[in-house]
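First comes the structure, then the notes that go with it.
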Amino acid sequence: MKSPATPAASAAGGPPGAGPEERRRPSLEWSARDWRMPAWLWVGLATMFFSVLHIVLDFGVGLFDLHGTLSVSEASTLLGVALIQLWWAVSFMAGSRGRGSGVASAGILGAGWSALTNGFPIVYCPPVCEEARPLSDIAHVGSIVFGILLALVAIWSLWRARVRPGWFMPAVAAALVLMTLVSLANTPIE
């Protein structure tokens, strides 16, 4: 026999009319009906913002010479950057539907792409960086801080929700980051 529904049960995370035994675990999902997004999604969007800002600044200051015919490494770097942005959106969509693999994939993109690839170059142009000042420093520091934070929040969110992510989406995220890093390392920088 179910225990009677109590206001405390509803306030504790269960659906209206749910007893204590029907309380839900914290969810990864976002219904898009309001702005109360899960923490991993808020941090993921902030991470993506700083990452995209860094990429736009790199191209804006002429880090890559895109005039004339592109080399294979330049073309693969551009395709990799675009595919990473696409995969980030796919990861957010999957995660917001409660798929742990989408959250894990976003965490890998945060650590591997944002923190490592977009944040680490701060060693080549430390604050106060003359190029695109002050946005370059903001993009570097934001990419490092939010990239690491996204990986940690993704792990925490998966643990809290007791979700075991599948391997496919995180593997694609890791492959995209690795592929783009290799092509970036082989691209001549102006």
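Note that the structure is predicted; figures quoted are calculated from it, not measured.
Using a 4.5 Å heavy-atom threshold, the side chains of Val172 and Val90 count as separate. Proximity of Glu131 to Leu63: side-chain heavy atoms (C-beta onward) are nowhere separated by under 4.5 Å. Taking the side chain as every heavy atom from C-beta outward, Ile108 and Trp87 never approach each other to under 4.5 Å. Under the 4.5 Å side-chain criterion, counting only non-hydrogen atoms from C-beta, Glu130 is not in contact with Cys125. Looking only at side-chain heavy atoms (C-beta outward), Thr47 and Leu149 stay at 4.5 Å or farther from each other. No side-chain heavy atom of Val153 sits under 4.5 Å from any side-chain heavy atom of Phe146. Between Leu78 and Leu66 the shortest side-chain heavy-atom distance falls below 4.5 Å.
Of all heavy-atom pairs spanning Trp113 and Gln85, the tightest one is NE1-NE2, 3.8 Å. When all heavy atoms of Ser105 and Met169 are compared, the closest pair comes out as OG-O, 3.4 Å. Listed here is the closest heavy atom pair of Trp40 and Leu150: O-CD1, 3.6 Å. Among all heavy-atom pairs drawn from Leu28 and Leu158, the shortest one is CD1-CD2, 3.9 Å. Of all heavy-atom pairs between Ile122 and Val141, the closest is CD1-CG2, 3.9 Å. Minimum interatomic distance between Gly107 and Ala151 (heavy atoms only, all atoms of both residues): O-CB, 3.8 Å.
Looking only at distances, a side-chain donor or acceptor of Ser114 sits under 3.5 Å from a matching main-chain atom of Ser143. Of the possible polar contacts, none joining the His54 side chain to the Phe50 backbone as a donor-acceptor pair under 3.5 Å is found. Remark: side-chain polar atoms of Asn186 are paired, donor with acceptor, to backbone N or O of Val182 under 3.5 angstrom. Using a distance-only test at 3.5 Å, with no hydrogens or angles considered, a donor-acceptor pair links the side chain of Ser96 to the main chain of Met93.
The distance from the CZ atom of Phe92 to the CG atom of Leu109 is 8.0 Å, given to the nearest 0.5 Å. Between atom CG of residue Leu53 and atom CD1 of residue Ile138 there is a gap of 8.0 Å, rounded to the nearest 0.5 Å. With rounding to the nearest 0.5 angstrom, the CG atom of Asp58 is 7.0 Å from the CG atom of Asn118.
Linking Ile, Leu, Val, Met, Phe, Trp and Tyr whenever their side-chain heavy atoms come within less than 4.5 Å leaves Val81 and Val72 in two separate clusters. Taking hydrophobic clusters as Ile, Leu, Val, Met, Phe, Trp and Tyr residues chained together by side-chain heavy-atom distances below 4.5 Å, Phe168 shares a cluster with Leu83. Residues Phe59 and Val52 share a hydrophobic cluster, clusters being chains of Ile/Leu/Val/Met/Phe/Trp/Tyr side chains in contact below 4.5 Å. Residue Val61 is not grouped with residue Val128 when hydrophobic side chains (ILVMFWY) are merged at heavy-atom distances under 4.5 angstrom, including chains of intermediate members. Under a hydrophobic-cluster definition in which Ile, Leu, Val, Met, Phe, Trp and Tyr are linked whenever side-chain heavy atoms come within less than 4.5 Å, directly or via other members, Leu181 and Leu79 are assigned to different clusters.
Counting only N and O atoms by type, the side chains of Thr187 and Thr77 include a donor and acceptor under 3.5 Å apart.
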Go through the steps for Val177 and Leu116 under the test side chain to side chain contact (heavy atoms under 4.5 Å, CB included), then give the verdict. CA-CA 10 Å; Val177 168; Leu116 179 64; 5.6 Å; no

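Using bins of under 30°, 30° to 60° and over 60° for the plane-to-plane angle, the ring pair Tyr124/Phe120 lands in the perpendicular bin.
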